[in-house]
Amino acid sequence: MKTKALHEFHSMKWENISRFRGELMGFAMLIILLFHVCGPHNETLFLRLCRCGNVGVDMFMFVSGMGLWFAWSKGTTLGTFYLRRFKRVYPAWFVVACLFFVPIYIKGGKTLADTILDIAVNWSFWTVYGELQFWYVPAIMLFYVFAPGYMSLVGRSRSWCWLPVVAMLFCILMYYDKSLYASLRHLEIMFSRIPIFLIGINVGRWVKEKRVDDAHAWGVAVLAFVLSAWVCLDFEGGLRGRFPLFLERMAYIPLTLSFTLMLSHAFAAMPKLLLRLLAFVGTISLEFYIIHYEFVLKQIRPLQLGFWPTVLLTFAVTVPFAWLLQKLLNKIFK
C-alpha cells in the first residue's frame with residue numbers, strides 16, 4: 001500500500017495544473033512583481049532570478065489557454081464564450097484605462113481621439129513602438145478572439161497541435177525579415193507569447209482528461225527546467241541588449257511548462273495557509289497586474305526604500321485596491 005501511495009505521489013498528474021490554477025496565477029503575479037521592482041539590475045544571482053520573473057506573464061498565458069479549453073469543451077456557444085471573457089477583462093481595463101489616460105489628456109499629453117482609442121483598445125500599443133503600458137490586456141483579448149478557431153481545429157484533428165511550432169517560426173521570421181520587422185517589431189512582446197498560449201490550450205485536453213504520466217516523466221521536466229533556467233539566467237547575467245528579445249521568450253516556453261508542472265505538484269504538499277494566500281492573489285491577479293506598476297510602484301520607487309521594502313509596500317498598497325475594483329465590478333455586472 002505504501003509503495004502504491006508513493007508511486008501516486010511521484011506520478012506526474014496534469015490535473016494538478018487545474019486543481020491549483022488560482023495558486024499558479026497568484027505565484028505568477030508575485031514573481032512579476034519581483035521582476036518589476038528589480039528593474040534592470042542584474043548584479044547578483046538573486047537579482048538575475050528576479051529578472052527571470054518575467055516568465056510569470058507566460059505562466060498567465062499558459063494557464064489561461066488551459067482554462068479556455070475547459071470552457072470551450074463544455075459546448076458553450078461562441079457568443080457566451082466571448083461575453084464571459086469580455087466581462088472578466090474589459091470592465092477592469094476600462095476603469096484603469098480611464099484613470100491612466102484621461103489625466104494625460106487633461107495635461108495635454110494626448111489628443112482627444114488618441115485618448116478615446118487608448119481607452120477603447122490601448123491604441124498606442126498597437127501603433128507606437130515602446131508604448132507597453134498594460135500591453136497584456138489587449139494581447140490576451142486578441143488571443144481570446146482567435147482561440148475558438150484554434151480550439152475548433154484541434155477538436156477536429158490533433159495534428160493542429162503543431163501550430164505553436166509554426167508560431168515560433170513566425171517569431172524568427174518577424175525579426176529577420178526587414179519588412180516584417182519594420183511593421184511589427186513593436187508587437188514582438190505579444191507575438192512571442194502566442195506559442196505558450198496555444199500550448200496551454202493543447203495541454204487543456206490532458207488536464208481535463210486527468211492524464212497521469214509515470215515518475216520517469218519528471219526526468220524530462222527537470223531537464224527542461226534546468227536547461228531553460230540556465231539559458232535565461234545567462235541572458236539576464238549581462239547579455240541583455242546583445243540578442244533579440246524573442247530568443248529569451250522562446251526559452252520561456254520550456255521553462256513555463258516545466259516550472260508550472262513542478263509547482264503544481266509541489267503545491268499538493270504545501271501548507272494550506274500559503275495556498276490560500278496565493279489563491280487569493282490569483283483571484284485578483286488581473287486587477288493587481290494593471291494597477292501595481294503604473295499606479296503604485298512608480299510612486300514608491302522614488303522613495304528608494306530598498307528592494308524588499310519596495311516589494312512589500314507595493315504589494316500591501318495594491319492588494320486592497322485590486323480587491324475593491326474586482327468587488328465593485330462584480331457587483332455591477334452580477
Side-chain angles (χ1 to χ4, degrees), residues 16-39 46 49-68 85 88-89 91-93 95-96 100 132-141 143-144 189-190 193 196-197 200 232 249 252 255-257 259-264 266-267 270-271 273-301 307-327 329-330:
N16 279 342
I17 301 176
S18 176
R19 177 185 172 190
F20 297 108
R21 182 176 183 272
E23 290 84 350
L24 288 168
M25 298 190 81
F27 181 87
M29 189 62 255
L30 292 180
I31 63 174
I32 290 172
L33 173 61
L34 295 180
F35 165 73
H36 282 153
V37 173
C38 176
F46 174 74
L49 283 169
C50 290
R51 291 285 304 166
C52 293
N54 196 25
V55 77
V57 175
D58 298 75
M59 292 176 67
F60 272 138
M61 296 292 188
F62 175 72
V63 175
S64 295
M66 179 211 68
L68 292 188
R85 308 287 85 72
R88 176 65 189 102
V89 177
W93 156 253
V95 172
V96 171
F100 182 79
L132 298 179
Q133 298 96 344
F134 317 112
W135 73 268
Y136 175 85
V137 176
I140 195 65
M141 292 195 73
F143 291 180
Y144 288 162
I189 196 171
M190 178 193 72
R193 263 56 185 245
I196 193 61
F197 177 76
C232 292
R249 304 200 215 285
Y252 284 167
L255 180 60
T256 299
L257 184 55
F259 193 33
T260 301
L261 278 166
M262 293 165 66
L263 271 178
S264 61
F267 284 159
M270 287 188 180
L273 182 61
L274 176 60
L275 294 179
R276 288 194 191 103
L277 174 62
L278 291 174
F280 171 71
V281 176
T283 61
I284 59 170
S285 56
L286 171 66
E287 293 79 7
F288 193 108
Y289 186 90
I290 57 181
I291 289 174
H292 84 281
Y293 187 77
E294 296 293 341
F295 294 95
V296 182
L297 180 56
K298 281 190 174 182
Q299 313 307 316
I300 294 175
R301 183 169 279 158
F307 183 83
W308 283 113
T310 301
V311 169
L312 294 174
L313 186 57
T314 302
F315 180 82
V317 173
T318 304
V319 164
F321 284 106
W323 180 80
L324 286 171
L325 176 60
Q326 186 186 84
K327 288 296 180 183
L329 294 174
N330 285 344

So do the side chains of [X] and [Y] get within less than 4.5 Å of each other, counting heavy atoms only?
X: Leu68; Y: Phe197; answer: yes
X: Met25; Y: Val281; answer: no
X: Phe259; Y: Phe62; answer: no
X: Phe288; Y: Leu30; answer: no
X: Glu294; Y: Gln133; answer: yes
X: Val96; Y: Val137; answer: no

**Report entry** Over all atoms of both residues, closest heavy-atom pair of Gly56 and Ile32
**Finding:**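 Closest approach of Gly56 to Ile32: C-CD1, 3.6 Å.
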
Whether the side chain of [X] engages the backbone of [Y] through a donor-acceptor N/O pair (distance < 3.5 Å, no angle test) should be reported.
X: Arg51; Y: Gly39; result: yes
X: Thr318; Y: Phe315; result: no
X: Ser64; Y: Met61; result: no
X: Glu23; Y: Leu274; result: no

Open item on the list: Going by salt bridge (Lys or Arg N to Asp or Glu O under 4.0 Å), name the pairs with one or both residues in residues 275-287, residues two or more places apart or in two chains.
Closed with: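 Salt bridge (Lys or Arg N to Asp or Glu O under 4.0 Å) check on residues 275-287 returns Arg88-Glu287.
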
- Matching residue for Ile17 among Leu263, Leu257, Leu24 - test: side-chain contact (heavy atoms from CB on, under 4.5 Å):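 Single side-chain contact (heavy atoms from CB on, under 4.5 Å) partner of Ile17 among Leu263, Leu257, Leu24: Leu24.
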
Ring centroid separation [X] to [Y] under 6.0 Å:
X: Phe295; Y: Phe321; result: no
X: Phe46; Y: Phe307; result: yes
X: Phe143; Y: Tyr136; result: no

| said: How about NZ on Lys327, more than 12 heavy atoms from neighbouring residues, nucleotides or ligands closer than 6.0 Å, or not? | reply: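 Open: at most 12 neighbouring heavy atoms sit under 6.0 Å from NZ of Lys327.
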
Original post:
Sequence neighbours excluded, which residues qualify as side-chain hydrogen bond (donor to acceptor under 3.5 Å, both in side chains) partners of Arg249?
Top reply: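 By the side-chain hydrogen bond (donor to acceptor under 3.5 Å, both in side chains) rule, Arg249 matches Glu188, Ser192.
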
Should the pair [X] and [Y] be assigned to parallel (<30°), tilted (30 to 60°) or perpendicular (>60°) ring geometry?
X: Trp93; Y: Phe134; value: perpendicular
X: His36; Y: Tyr293; value: tilted
X: Phe60; Y: Tyr289; value: perpendicular

For the OH atom of Tyr252 and the CE atom of Met59, what is their distance to the nearest 0.5 Å?
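The distance works out to 12.5 Å.
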
